[in-house]
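Step one of this worksheet: look at the structure below.
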Amino acid sequence: MRARTGTPWVAFCGGGALLASLVAMPPAQAAPQGLAPEAAAPVTRVDQRSLDWRPCEDLEPVENETLECATLTVPLARDVAPANTRDLAETVDIALSRVPATGTAEHTMLVNPGGPGSAGRRWASHTHLRMPEELREIYDVVAFDPRGMGASTPSVSCDPAFFAPVRKDTVPADEREEAALRADAEAYARACAENTGPILDHMRTEDTAHDMDAIRAALGLDRIDYLGYSYGSYLGTVYSALYPDRVRALVLDSVVDPDRPWYESNHVQSRSLDRAARNFFDWVARHDDVYGLGTDGETVARAYYDLRSELRATPAEGTVGPTELEGAVIVVAYSGGTWPDVARALSARIREGDSAPLLELHEDYGDDAGSDPAYGGYLAVQCTDAVWPREWGTWSADARGVDADAPFMGWHNTWYNAPCATWSAESEPWFQVGDGPGEHPAYDGPALIVHATHDGATPVEGSLALRERLPGSSLVIEDGGITHGVSLTGNTCVDETVVAYLREGRLPERGEGGADLTCDGRPEPEPRTSQSSSHTPVDRLGPIGLEYPGESEASVE
């Protein structure tokens, strides 16, 4: 199924073609005359304007690249009058990683893989390795674990036992089951409040954006380059609005719709995840000779939902019930590279009664006790980033409406976010960029937006909305793309555009509307009859935050 929006497509570029319709971008705004970087940086509790980079003790490079780690101390609260004045004296340690340029560093790329909830330090290695040599020679790549997450301290901690299998079915059969699921969500919210501490009141996207500028200042830079995937696109949007003079280049990939706060965004996303699942079912049907689940997508979908019902009655090996199944299979909406493994696991169980591949799928992609910090971090940001309904009747009615249209993840996505209905930390209005009343002026410098049409996690319509909000931006669409995260993942047309922007400041010429450059999507994956020896790495962080952006389908053996 196509996901085009009906808007004009200004330029077209095949997956292996050279760049088309590129124009030079104007110079980014320089720092004001006479203003030293230190003067504009957020005040830290420790006078820290440099970083002590050392070999990482708890983080390995992906290959043999040089990887260094450091820590930056920043204020817990930057509010003039926080709810608890003690918070003004508290600090947070932000864990950083860096891969230095192989030549002379001319620029620094700060990267965020999304989430929220993702511990991002490993992305210094991943991003540096994805760059072509011409960028590796001139770029230091810096990544960080956002406040409350990963090796940054203090960290969010809630209830690791929450994910113990077999969990309740996310689709309630009656009011009693719905009440039990609601009680679980409320208990998890309480556990977060009891076990985390005061940082829970300071986890908004704006807090992390201020931390980013403290990182910039500690690096001794006037301006930074930024690459943000998924939720990282919203973080980049907020940062560029707060610190427009501190941005040299801004790449926002698989973007969150800037006009939809999280509650609304998650319902829209549930429908997008459902469309992506139907694309997967259609692919399985095209390879019925391999998987034997039906020759059309509807038949394959029925086989999947029949399996879901079967697992509700009798979980596989007492471990994989319907909720565990959803938690693993959701990866098909994020990466086409996962399709062969998921299809094989479904086929083995449905046709042969063999649960082993399904259990392996759950181990690779599903939730377990180790998911608690990421899930808690996800909620800590989302629940305070925007106002959520407090009346459960609103949640229930909306969930039933979404489930009727999008059963693949309609209820699952609702319960994933349900702790926000009773979250202890205060939520504030959505950080809306624009020129309307109460909105924050959007960054008007040059920016590159990248999105795939069949991305299930962040619907492509969000990229069009962000393009309208950022007047200096150009939008590159991967037409037919099925993977969440596109930049620097093997699409020649997209990657050359990204490189031209970062190295030379060239953007696709901005048209009247819609995409400014369209690139062919990469080929869909080939089926396999045996489980992959090296799975596409996808971290399970929930519907909006399932982050391993853009593994190339071609790279998965």
Side-chain angles (χ1 to χ4, degrees), residues 28-29 40-42 74-75 77-79 92 94 109-118 120 143-149 201-217 223-265 377-378 380-387 425-436 438-450 458 462-463 465-473 544-545 547:
Q29 294 169 295
V74 298
R78 291 187 175 86
D79 299 336
V92 172
I94 304 297
M109 172 71 75
L110 190 61
V111 61
N112 180 273
S118 292
F144 64 104
D145 290 346
R147 57 170 51 209
M149 302 168 197
D201 294 310
H202 305 284
M203 290 285 291
R204 282 174 55 81
T205 297
E206 289 166 79
D207 293 309
T208 298
H210 291 312
D211 292 344
M212 284 173 53
D213 204 60
I215 294 170
R216 175 203 59 77
R223 295 181 296 163
I224 57 170
D225 292 19
Y226 177 79
L227 170 61
Y229 295 95
S230 193
Y231 163 77
S233 71
Y234 180 60
L235 176 59
T237 299
V238 172
Y239 177 79
S240 64
L242 292 171
Y243 297 99
D245 295 338
R246 300 309 189 189
V247 177
R248 175 189 172 270
L250 190 67
V251 181
L252 307 176
D253 192 309
S254 305
V255 303
V256 169
D257 192 325
D259 300 334
R260 296 187 187 276
W262 295 129
Y263 181 78
E264 180 184 356
S265 178
Y378 165 92
V381 176
Q382 290 226 340
C383 295
T384 57
D385 250 358
V387 177
E426 184 177 353
S427 59
E428 297 183 27
W430 178 252
F431 190 101
Q432 179 69 59
V433 296
D435 54 8
E439 296 183 347
H440 301 267
Y443 176 65
D444 61 2
L448 183 64
I449 303 171
V450 183
T458 50
S463 67
L466 184 59
R467 179 187 180 278
E468 292 305 307
R469 292 287 178 176
L470 303 182
S473 67
I544 199 81
E547 304 308 346

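Excluded from the calculations below are hydrogen atoms, water molecules and symmetry mates; all remaining heavy atoms, backbone and side chain alike, are included.
- The only option from Asp211, Thr205, Thr208, Ile224 that meets the side chain to side chain contact (heavy atoms under 4.5 Å, CB included) definition with Tyr239 turns out to be Ile224.
- Scanning for side chain to side chain donor-acceptor pair (under 3.5 Å) contacts around Thr237 gives an empty result, with sequence neighbours left out.
- Taking each heavy atom of Ala425 and Thr384 in turn, the nearest pair found is CB-CG2, 3.7 Å.
- The minimum heavy-atom distance linking Leu470 with Ala447 is given by the pair CD1-CB, 4.5 Å.
- When every heavy atom of Pro471 is checked against every heavy atom of Arg469, the shortest pair comes out as CD-O, 3.2 Å.
- Taking both residues in full, the closest heavy atoms of Ser427 and Cys383 are given as CB-O, 3.2 Å, listed atom of the first, atom of the second, then distance.
- Looking at Ser233, its side chain does come within 3.5 Å of a backbone N or O of Val256 through a donor-acceptor pair.
- Taking the ring-ring contact (aromatic ring centres under 6.0 Å, His included) definition, one finds that Phe144 meets it with nothing, sequence neighbours left out.
- The distance from atom CG of Leu252 to atom OH of Tyr226, rounded to the nearest 0.5 Å, is 7.5 Å.
- Side-chain atoms of Glu426 and Asp201, non-hydrogen and from C-beta on, never get closer than 4.5 Å to each other.
- Counting heavy atoms from C-beta on, the side chains of His210 and Leu242 come closer than 4.5 Å.
- Partner Ser473 forms a side chain to side chain contact (heavy atoms under 4.5 Å, CB included) with one of Leu448, Ile449, Leu466 and no other, that one being Ile449.
- The closest donor-acceptor contact from the side chain of Gln432 to the backbone of Pro258 lies under 3.5 Å.
- In this structure, Tyr243 and Met212 have side chains that are not in contact, with every pair of non-hydrogen atoms separated by 4.5 Å or more.
- Checked by atom type and distance alone, the side chain of Asp385 never pairs as donor or acceptor with a backbone atom of Arg204 at under 3.5 Å.
- Taking each heavy atom of Ala241 and Pro441 in turn, the nearest pair found is CB-O, 3.5 Å.
- When side chains are defined from C-beta on, Tyr234 counts as touching Trp430, because their heavy atoms get closer than 4.5 Å.
- Across Ala143 and Val111, no two heavy atoms sit closer than the pair CB-CG1, 3.7 Å.
- Under the side chain to side chain donor-acceptor pair (under 3.5 Å) criterion, Asp257 pairs with Arg260, not counting sequence neighbours.
- Ser240 OG to Asp444 CG: the interatomic distance, rounded to the nearest 0.5 Å, is 9.5 Å.
- Note: Glu264 CD to Asp259 CG = 9.0 Å, rounded to the nearest 0.5 Å.
- Here the side chains of Met149 and Ser118 are not in contact, with every heavy-atom distance at 4.5 Å or above.
- When ring centroids are compared, Trp262 and Tyr378 stay outside the 6.0 Å threshold.
- Between the Arg147 side chain and the Val74 main chain, no donor and acceptor come within less than 3.5 Å of each other.
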